[in-house]
Amino acid sequence: MIKEKTNEEVSELLYEIGEFLAMQEEPFKPRAYEKAGDSVSELSDSVVSIYKANGIKGIENIPGVGKSIAQTIEEFLLTGKSSHYAELQKAVPVNLKELSAIEGLGPKSIKKLYLALKIKDLATLEKAVNAHKVSKLEGFGTKAEQNILKSIEFLKKSGGRFTLGEALPFAEKIKEKLLEVAGVETVVIAGSTRRGKETVGDLDILAIVKDSKKIMKEFVSMQAVAKVVANGETKSSIKLKNGLDVDLRVVPRNSYGSALNYFTGSKMHNIGLRKLAIKKGYKLNEYGLYRGLKQIAGKTEEEIYSALGLQYVEPEIRENTGEIESAMIGKLPKLIGYKDLQGDLQVQTDWTDGAHSIEQMAKVAISRGLKYIAITDHTKRLAMTGGLDDKKILKQMAEIDKLNKKFAGKIRILKGSECDILKDGSMDLSDKTLSRLEVVGGAVHSNFNLSGKEQTARICRAMENKNVDIIFHPTGRVIKRREAYAVDAEALIRKAKETGTILEIDAYPDRLDLKDDYIRRCVNSGVKLSIDSDAHSSEHFDFLKFGITQARRGWAKKSDIINTRDVEGMLGMLKNG
Ligand code: DGT
Ligand code: CA
Ligand code: CA
Ligand code: ZN
């Protein structure tokens, strides 16, 4: 019997084996397991279905998976266990998942902590840190101890929430399943997911159905369900195996719009609407908008907004941060649309830490309807990615020239770089090289712990470089893992304006950097933005939609985003354009 392991579980296993091997100071194997883990997590087919169809040969055909890793996967699918993993874990019996979630703790320091202090998991780590035992270890110190503590606090704060990128695929799969149930008319995802918030607490799904028993039965018996929390006629709640909670509500057809509006939220937006309704002598709830006992709107959201004298408010901006007031006077901006991007300005390839070649990336970009992509591999300061130096960049430029001939008329490949901003704000490539590139993104990948003043000055200096067109992921935050580095965002935005530097909305779902608030400030002060996938693999072009959502949450219009223009128009927005 084959165990129904998800790709995520398989890649998780490979990552952990890689980390355990790294503890043993094995030279190449850790990276091999990590790569195999990446490629499993990026598969569009499930490992189980590959194995069912083609056995171990099929597994070996997964890029980066050799014979011995394939055997590990096979054993895992057949027995649910891995003897290789068990053996490694016996040597250092720690909860790797918990400990490696701590920023700055790699396999080697985890091993050290275990050997010296018997730290096995978050709880024992927290104890040791609070007793100041960690700072006494060689190679740790007070600063490291403080950082660990900060990271523990941060994890606690964000615990339980899922990134939109993690939650959305589940939401969509459930929706598909429920739509197949007989008598189901409509299924819609509401809540923070519909508003496109960067993290979601739980999924809220609404449905219009003929027979609520049928849909509820399907809902609570889906394969991914770990626990049924409530099972009623109009509302059921479940917990999925991955810990995500999901509510399903069956709503009456003539209240669909008001239910959708209510359960989309946000709570503050709802409260704002309800106040407005009262002011106009109405009553608003999840069943409709009422004058006395008469429902005057409720079938659609549009008719509710219209009856309240408002422009329609897009879900992404329903946070009660001025949208109701603007809608009242007809001044809501037309937000950038989901089909408005023509290009992608941050794409990594196998020249550094990307999974695919320039050519492969270009082909997939064409299939996604993109008209141009900038190849922006890392630079030498980021040694672990095999970052490019001046010489290698020239080679890459020649390769791009060749490919552009091949792809003429289909896509334009731009020569670019994700060039490290060094500690003092100078760049990791010579000005001469930078000036020959078409799209230069500057990015911080080191010295995250500078003071706010130093960090801000560092990035501002990069913006003053006339060859630096864009600042990639400007605040460095990684959702649920790392807070933004200390930086004065206002000052960055001012400097961007002054120097004509573009700020990036990095669409990678763990980053979504800039955040909505800063996007809105850029929009208000006329600083232009780009939306880039930060693709490290060809499937990652799909991330662009998360960047668009984020831009919409920041009230950005098509004209605020430079890569909504055609390639010439976009290049014209850059510094030497
Ligand atoms: P989440 O799940 O924490 O990411 O955020 P939401 O916005 O999905 O919140 P959730 O799941 O608690 O509730 C879904 C929607 O239901 C919420 O956006 C607005 C509405 N709602 C929930 N509780 C209240 C409430 O006490 N008052 C009002 N007016 N609306 C509420
Ligand atoms: Ca929710
Ligand atoms: Ca909920
Ligand atoms: Zn980067």
Side-chain angles (χ1 to χ4, degrees), residues 155-175 178 186-208 219 224-227 229-230 232 234-240 242-252 255-280 282-290 297-298 301 304-305 308 310 312-324 327 479-480 509-510 512 515-517 546 549-550 552-553:
L155 276 179
K156 279 189 180 163
K157 224 173 32 192
S158 53
R161 294 186 72 82
F162 287 70
T163 64
L164 186 60
E166 291 166 333
L168 195 61
F170 285 93
E172 281 167 354
K173 248 182 241 156
I174 295 173
K175 177 176 165 174
L178 296 179
T186 307
V187 175
V188 63
I189 300 159
S192 49
T193 313
R194 181 162 181 246
R195 302 201 310 283
K197 268 198 78 164
E198 55 198 39
T199 66
V200 307
D202 71 354
L203 298 180
D204 303 279
I205 302 180
L206 307 180
I208 304 179
F219 180 64
V225 176
K227 195 171 132 195
V229 180
T234 56
K235 184 188 171 193
S236 294
S237 299
I238 55 173
K239 187 183 269 305
L240 300 181
N242 66 357
L244 183 60
D245 293 315
V246 191
D247 295 338
L248 171 65
R249 289 181 174 83
V250 165
V251 301
S255 296
Y256 174 72
S258 32
L260 179 58
N261 190 242
Y262 182 88
F263 290 109
T264 295
S266 67
K267 188 173 162 182
M268 296 315 289
H269 179 81
N270 290 354
I271 291 172
L273 287 185
R274 200 182 314 141
K275 272 194 189 147
L276 181 64
I278 290 168
K279 223 159 93 188
K280 290 184 180 281
Y282 304 147
K283 197 182 90 187
L284 177 66
N285 59 29
E286 64 262 49
Y287 299 103
L289 181 68
Y290 295 87
E301 286 193 314
I304 297 169
Y305 284 104
L308 288 171
L310 299 174
Y312 178 74
V313 180
E314 298 286 354
E316 292 92 333
I317 58 171
R318 296 183 193 169
E319 300 292 343
N320 203 13
T321 55
E323 75 278 9
I324 296 175
I479 296 173
K480 297 205 301 178
D510 296 353
L512 296 175
K515 66 173 182 178
D516 45 10
D517 209 24
F546 296 115
T549 300
Q550 189 77 346
R552 287 164 65 89
R553 290 183 57 79

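Read the numbers this way: they start at 1 and go in the same order the structure lists the ligands and their atoms. Please read these numbers as outputs of a predicted model, since none were measured by experiment.
Counting non-hydrogen atoms of other residues, nucleotides and ligands closer than 6.0 Å to OH of Y287 gives a total of 12 or fewer.
Using a 4.5 Å heavy-atom cutoff, the side chains of R553 and K197 are in contact. Side-chain contact check for L248 versus L178: some heavy-atom pair is nearer than 4.5 Å. With a 4.5 Å cut-off on side-chain heavy atoms, D204 and T193 do not count as touching. Contact annotation: the side chain of T549 never approaches that of R552 to less than 4.5 Å [non-hydrogen atoms, C-beta and beyond]. Side chains of R194 and L260 form a contact here, defined as non-hydrogen atoms less than 4.5 Å apart. By the 4.5 Å heavy-atom criterion applied to side chains, F546 and T163 are not counted as neighbours. In this structure the side chain of V246 never reaches within 4.5 angstrom of the side chain of F170, judged on heavy atoms. At least one side-chain heavy atom of Y282 sits less than 4.5 Å from a side-chain heavy atom of L308.
Contact annotation: for T264 versus ligand 1, heavy atoms closer than 4.0 Å belong to the backbone alone. Residue S192 touches ligand 1 through backbone and side chain together, judged by heavy-atom distances below 4.0 Å. Contacts between R195 and ligand 1, counted as non-hydrogen atom pairs separated by less than 4.0 Å, involve the side chain only.
When the Ca ion (ligand 2) is compared with the N/O/S atoms of D204, atom OD2 turns out nearest.
Contact atoms of ligand 1 toward G201: 1 (P), 2 (O), 3 (O), 4 (O) (distance under 4.0 Å to a heavy atom of the residue). Numbered from 1 in the order shown, with element, the atoms of ligand 1 that lie under 4.0 Å from a heavy atom of R161 read 1 (P), 3 (O), 4 (O). Those atoms of ligand 1 with a heavy atom of G191 less than 4.0 angstrom away are 8 (O). The F263 neighbourhood of ligand 1 comprises atoms 14 (C), 15 (C), 16 (O), with distances under 4.0 Å to a heavy atom of that residue. Annotation for ligand 1: atoms under 4.0 Å from non-hydrogen atoms of S266 are 18 (O).
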Dump the intermediate steps for salt bridge (Lys or Arg N to Asp or Glu O under 4.0 Å) on R195 and E323, then the final yes or no.
-> CA-CA 13 Å; R195 302 201 310 283; E323 75 278 9; over 6 Å; no
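For K197, the closest heavy-atom approach to ligand 1 does not fall below 4.0 Å. Contact analysis leaves T193 out of contact with ligand 1, as no non-hydrogen atom separation drops below 4.0 angstrom. The closest approach between any non-hydrogen atom of R274 and ligand 1 is below 4.0 Å.
Here's the thing with N270: one of its N/O atoms is less than 3.5 angstrom from an N/O atom of ligand 1. For a threshold of 3.5 Å applied to N or O pairs, the pair formed by V200 and ligand 1 contains no separation below that value.
Here D202 meets the criterion, with an N, O or S atom under 3.0 Å of the Ca ion (ligand 2).
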